[in-house]
There are 2 protein chains.
Amino acid sequence: MPTATAAQRRDEARLAYNAFVAACPTRQLLDTLSDKWVCLILSALVDGPRRHSDLARTIAGVSQKMLTQTLRRLERDGLVTRTVTPSVPVRVEYELTALGNDLAPVLGAIKLWAEAHMDEVFAARDAYDAT
Amino acid sequence: MPTATAAQRRDEARLAYNAFVAACPTRQLLDTLSDKWVCLILSALVDGPRRHSDLARTIAGVSQKMLTQTLRRLERDGLVTRTVTPSVPVRVEYELTALGNDLAPVLGAIKLWAEAHMDEVFAARDAYDAT
DNA sequence: CCGGATCCCGTGCGATACTG
DNA sequence: CAGTATCGCACGGGATCCGG
């Protein structure tokens with residue numbers, strides 16, 4: 001069989017990697033992706049490249065340390081590119097890679113879901129706490 | 001008085017929810033949803049109700065403390081229901097609510113993405129570390 | 001035996017201050 | 001303006017014990 005279909009390859013990948021298994025490397029990847037800063041940063045980058053300070057302003061409340069740290073992880077994992085323009089002052093721009101562009105809407109969906117269903121969650125909490 | 005609290009929160013709701021704002025309640029919700037255990041638990045519950053010990057077996061590596069803790073939060077937020085059958089031994093079943101059923105595929109998508117793109121991330125890491 | 005609560009330690013976050 | 005360094009503290013999370 002010369003070529004496998006895309007669906008077949010996807011099935012293989014699904015079998016090979018299973019995040020329910022503790023030792024599976026996807027468990028660690030899932031852990032790093034399940035991070036509010038990752039979600040917010042990728043969401044902030046969907047509209048195009050952003051500077052470091054620009055991101056810090058957009059994502060209110062992020063400490064400078066976490067921003068840099070998270071961006072580094074994302075860069076290492078091939079989700080964003082880091083471009084330094086040696087001007088004065090230095091200009092550092094972050095941009096989504098193709099892979100990052102693929103992931104961004106997936107994480108963005110969580111952000112949107114949270115914003116859309118906040119009221120229902122509040123109602124559930126009130127009901128729960130009243131009990 | 002619960003209605004006062006609910007009314008108060010409804011007032012907040014008049015403003016558009018935006019997780020980029022630090023003080024926005026969705027930021028906290030986003031933070032709790034951005035959790036690997038939440039992702040795995042909801043993914044494990046999509047096929048129907050599951051017992052506590054059953055979940056612990058499916059989600060390898062989760063301590064029962066984290067399992068219980070996370071399930072409580074999910075219950076409070078109206079994402080799962082907890083049903084205790086007072087038999088011997090006690091039988092505790094967790095099931096997705098309508099709200100949980102709405103969220104589950106969103107979080108499940110992250111798990112699937114991680115499993116599907118693990119190889120690309122590995123390649124990116126190798127390239128990054130080689131530099 | 002199942003499900004939950006408690007204790008306790010290490011990680012990791014945030015605040016602050018400093019360098020290029 | 002971007003990044004690094006240091007420290008203190010809170011919290012995540014595992015081991016262990018408890019109730020039924």
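Atom set for the values below is all heavy atoms of this structure, side chains included, hydrogens, waters and symmetry mates excluded. Note that the structure is a prediction, hence the values are computed from the model and not measured.
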Q: Is a side-chain donor or acceptor of B:Thr26 paired with a backbone partner of B:Tyr17 at a separation under 3.5 angstrom?
A: no

Q: Below 3.5 Å between N/O atoms, which protein atoms pair up with nucleotides 15-20 of chain D? Just atom names and distances, please.
A:
{"residue": "D:dT16", "atom": "O4", "partner": "B:Gln64", "partner atom": "NE2", "Å": "2.8"}

Q: Check the distance between D:dG13's P and B:Ile41's CD1 and give it to me in whole angstrom.
A: 12 Å

Q: For B:Leu71 and C:dC2, give me the distance from atom CG to atom P, rounded to whole Å.
A: 17 Å

Q: Report yes or no: does A:Thr85 contribute a side-chain atom to a donor-acceptor pair with the main-chain N or O of A:Ser87 at less than 3.5 Å?
A: no

Q: Do you know which two heavy atoms are closest between A:Leu40 and B:Ala19, and how far apart they sit?
A: CD2-O, 3.9 Å

Q: Between P on C:dT6 and CZ on B:Arg72, what's the gap in Å once rounded to a whole number?
A: 11 Å

Q: Is any side-chain heavy atom of B:Leu33 less than 4.5 Å from a side-chain heavy atom of B:Asp77?
A: no

Q: When the distance from CG of A:Asp31 to C1' of D:dG12 is rounded to whole Å, what number comes out?
A: 11 Å

Q: Just how far, in rounded Å, is P of C:dG12 from CD of A:Gln69?
A: 9 Å

Q: On the ring face of A:Phe20, is B:Lys111 found with NZ or CZ under 6.0 Å from the centre and within 45° of the axis?
A: yes

Q: From CZ of B:Arg82 over to C1' of C:dC2, roughly how many Å is that when rounded to an integer?
A: 12 Å

Q: Let's see if you can work this out: which of C:dC13, D:dT4, C:dG4 has an atom nearest to the side-chain heavy atoms of A:Met66?
A: C:dC13

Q: With sequence neighbours excluded, tell me which residues meet side-chain hydrogen bond (donor to acceptor under 3.5 Å, both in side chains) with A:Glu75.
A: none

Q: Scan residues 48-60 of chain B against DNA chain C and write down, sorted by residue number, each residue with any heavy atom closer than 4.0 Å; if none is found, say none.
A: B:Arg51, B:His52, B:Ser53

Q: In terms of the nearest nucleotide of DNA chain C, which residue is placed more toward the 5' end: A:Val62 or B:Glu93?
A: B:Glu93

Q: State the CD1-CG distance between A:Ile59 and A:Asp54, to the nearest 0.5 angstrom.
A: 9.5 Å

Q: Output the rounded distance in Å from OH (B:Tyr94) to C1' (C:dC2).
A: 11 Å

Q: Flag the pair A:Arg125 and A:Asp129 as a salt bridge only when some basic side-chain nitrogen lies within less than 4.0 angstrom of an acidic carboxylate oxygen.
A: no

Q: A:Asp35 CG to D:dG12 P: how many Å, rounded?
A: 13 Å

Q: Determine yes or no for a side-chain-to-main-chain donor-acceptor pair under 3.5 angstrom, with A:Arg51 supplying the side chain and A:Tyr94 the backbone.
A: no

